[in-house]
Amino acid sequence: MADYRELWSKLGIDLEKHDKLCAVLPELYGGTYLTQKNRPEGMNYFNFVVAEVHGLRIKELDEHKKSGGKVVGTFCVFVPDEVIFAAGAIGVGLCAGSQFWVEDGEKVLPRNMCPLIKAFMGAKVGGTCPYFQSCDMVIGETTCDGKKKAWEVLDDYVPVYVMELPQMKREKNYAQWIEEIKEFISKMEELTGNKVTVDTLREGIRIANLKRKALKRLYDLRKYKPSPISGLDVLLISQIAFYDDPKRFVEKLNELCDELDERVKNGVDEGKKRLMITGTPMALPNWKLHSIIEGLNAQVVVEETCTGTRYFENEVDEKGETIDDLIKNIADRYMKINCACFTPNTGRIDDIIKYTDEYNVDGVIDFNLSFCHTYAVEHKAVEESLKEKNIPVMQIETDYSTEDSGQIKTRVEAFLEML
Ligand code: BJ8
């Protein structure tokens, strides 16, 4: 990697601590990813992105800022990228998936809390994430209690704007969400100094839809038996989708899919069990569960998570004459996301059942980050509905540490034997 230390110190990075983080990643990545056999050539681009994760993209953000542009951080797939694009800003997903950040997070948050929240907080508090350091503003949202209250703490370190996400899907909640999107547009206009027009918003929608189309294409290819790509590789691509340049990402992903189109023609079924993962998101570099599963005789073929289908399913309608038409289209699409923060949330169960057929899965793992109550409570409904369909399901509750990896492996092994 080129030397980015000058840039990192300009961003206020704690260089010494950051060196420790940079020392962990290559080994973890090498052991998890580069040891996979017969990977598609097209994954080379994504290897490169990981190798440059704190380098080239950070430089691009810096150049954008030098020319007067703004960088905005997000933590939830409900925050509409379309608006960020339309205002000429760059959006980066800041959810964090490494145990490395948890310790610093625990300095300002309770310990018995979701690791995702502790990790993103720790990344900021410890000054070790150049994406966070590049942000002019971060956008929180009222989803789970943990995140909702974390914004109050985070606001001491970086300007935070919070979108109020309704937690029900009644007529009046749609109206409220439309108002929230309008206020978000005003906020982005104020931050960037750029007016959001019908044309820029339509272009923002178009770019976000292209990303969705490319991810959907990738996921559709996993429906083949055998899937032409590992679950680990797809997880990585989904994680990279949150911070890479959208146009370049779409181009590279479509190139990979062209290659996978050829692969499916010659696929040889090795009899691996096909698993779905449903539940809480897996932020970069949380590859723990996929790595355990795919180290056994199984393959992850779909993730019903926010680093999976919830991120790309349903496009925003690009038709509309006025800005209000387009805002309504955005609101409609986002309100179709079935997050456990909503009550009731029966749409998620319908999605899970639909995907078990579409992706031809043998079993489902309900993945729960520790202390995430909304998804933990929903496990009962997930389990009951899958049992009705005779689809085996197991729940795994875990955090980012590796202490329980051996135990999880044993449980997954037993689950696979039962399938
Ligand atoms: S739309 S899943 S990205 S809120 S932080 S809820 S794991 S306790 S991330 Fe989420 Fe938006 Fe919903 Fe998706 Fe649980 Fe942790 Fe909360 Fe979490």
Side-chain angles (χ1 to χ4, degrees), residues 73-81 91-99 101-102 105-106 109-124 138-154 160 162-169 173 177 180 184 212 215 235 238-239 241-243 277-284 286 288-289 303-314 330-331 333-345 347-349 351-352 366-379 382 395-400:
T74 60
F75 302 87
C76 175
V77 296
F78 266 97
V79 176
D81 280 340
V92 286
L94 292 175
C95 279
S98 170
Q99 180 68 14
W101 290 304
V102 168
E106 286 177 349
L109 291 172
R111 296 188 65 167
N112 54 350
M113 192 171 197
C114 165
L116 188 146
I117 303 174
K118 287 192 289 191
F120 75 62
M121 189 67 83
K124 182 66 202 174
V138 302
I139 314 301
E141 68 324 299
T142 55
T143 46
C144 64
D145 287 353
K147 280 212 269 184
K148 188 167 64 192
K149 297 303 286 180
W151 312 134
E152 295 167 19
V153 179
L154 190 62
V160 182
V162 182
M163 291 186 81
E164 185 175 356
L165 182 71
Q167 312 230 315
M168 293 179 82
K169 293 183 180 176
N173 303 118
W177 182 233
E180 277 302 309
F184 181 46
R212 294 183 183 114
L215 284 162
L235 176 62
S238 306
Q239 291 167 335
F242 284 86
Y243 65 89
I277 290 180
T278 178
T280 46
M282 294 169 171
L284 196 78
N286 180 8
K288 180 173 160 180
L289 185 56
E303 296 85 5
E304 189 281 320
T305 66
C306 286
T307 38
T309 55
R310 276 181 240 136
Y311 184 48
F312 66 80
E313 285 285 16
N314 303 306
I330 293 173
R333 185 262 159 194
Y334 280 82
M335 284 295 258
K336 287 188 194 126
I337 301 171
N338 295 313
C339 172
C341 295
F342 281 83
T343 185
N345 189 34
R348 176 168 166 237
I349 307 294
D351 288 344
I352 292 172
D366 193 358
F367 167 71
N368 214 120
L369 283 172
S370 324
F371 305 108
C372 176
H373 302 316
T374 52
Y375 282 87
V377 171
E378 266 186 25
H379 176 67
V382 170
Q395 186 187 29
I396 289 184
E397 185 167 337
T398 186
D399 56 17
Y400 294 164

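What you see below is based on every heavy atom in this structure, not just the backbone, and it leaves out hydrogens, waters and symmetry mates. Positions are given from 1, in the same order as the sequence printed here. Atoms within each ligand, like the ligands themselves, are counted from 1 in listed order. Values in this document were obtained by computation on a predicted structure and should not be read as measured data.
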Write down the atom of Cys95, the atom of Phe75, and the distance for their closest heavy-atom approach. SG-O, 3.2 Å
Can any side-chain N or O of Thr280 pair as donor or acceptor with the backbone N or O of Phe367 at less than 3.5 Å? yes
Classify the contact between Cys372 and ligand 1 as side chain, backbone, both or neither, using a heavy-atom distance cut-off of under 4.0 Å. both
Test: Glu304 and Arg348 ion pair at under 4.0 Å: yes
Any Met163 side-chain heavy atom under 4.5 Å of Trp177 side chain: yes
The protein heavy atom nearest to atom 9 (S) of ligand 1 is Pro281 CG, 3.5 Å
Top protein contact for atom 2 (S) of ligand 1, by heavy-atom distance: Tyr375 OH, 3.2 Å
Rounded to the nearest 0.5 Å, what separates atom CG in Leu116 from atom CG in Leu94? 11.0 Å
Under 4.0 Å to a heavy atom of Cys144 - the qualifying atoms of ligand 1, by number: 5 (S), 6 (S), 8 (S), 16 (Fe)
Ligand 1 versus Ala340: contacting region, heavy-atom distance under 4.0 Å: neither
Partner of Leu165 by side-chain contact (heavy atoms from CB on, under 4.5 Å), out of Val79, Asn173, Ile337, Thr142: Thr142
Ligand 1 atoms nearer than 4.0 angstrom to some heavy atom of Cys339 are 1 (S), 2 (S), 4 (S), 12 (Fe)
Under 4.0 Å between heavy atoms, the region of Ile117 that gets near ligand 1 turns out to be side chain
Any atoms of ligand 1 less than 4.0 Å from a non-hydrogen atom of Cys114? List them with their elements. 5 (S), 7 (S), 8 (S), 15 (Fe)
How long is the straight-line distance from CD1 of Ile330 back to CG of Asp81, given to the nearest 0.5 Å? 10.0 Å
The protein heavy atom nearest to atom 10 (Fe) of ligand 1 is Lys147 NZ, 3.9 Å
Element-labelled atoms of ligand 1 that are located less than 4.0 Å from some non-hydrogen atom of Cys306: 1 (S), 2 (S), 3 (S), 13 (Fe)
Tell me the contacting part of Cys76 for ligand 1: side chain, backbone, both, or neither, using a 4.0 Å heavy-atom threshold, strictly below. both
State the atoms of ligand 1, each with its element, that fall below the 4.0 Å cut-off from a heavy-atom position in Phe78. 1 (S)
Taking the side chain as every heavy atom from C-beta outward, state whether Lys147 and Cys76 have any atom pair closer than 4.5 Å. yes
Using a 4.0 Å cut-off to any heavy atom of Thr143, which atoms of ligand 1 qualify? 4 (S)
Within the structure provided, determine whether Ile349 and Val382 are in side-chain contact (heavy-atom separation under 4.5 Å). yes
Numbering as shown, the atoms of ligand 1 that approach Thr280 to under 4.0 Å (heavy-atom distance): 7 (S)
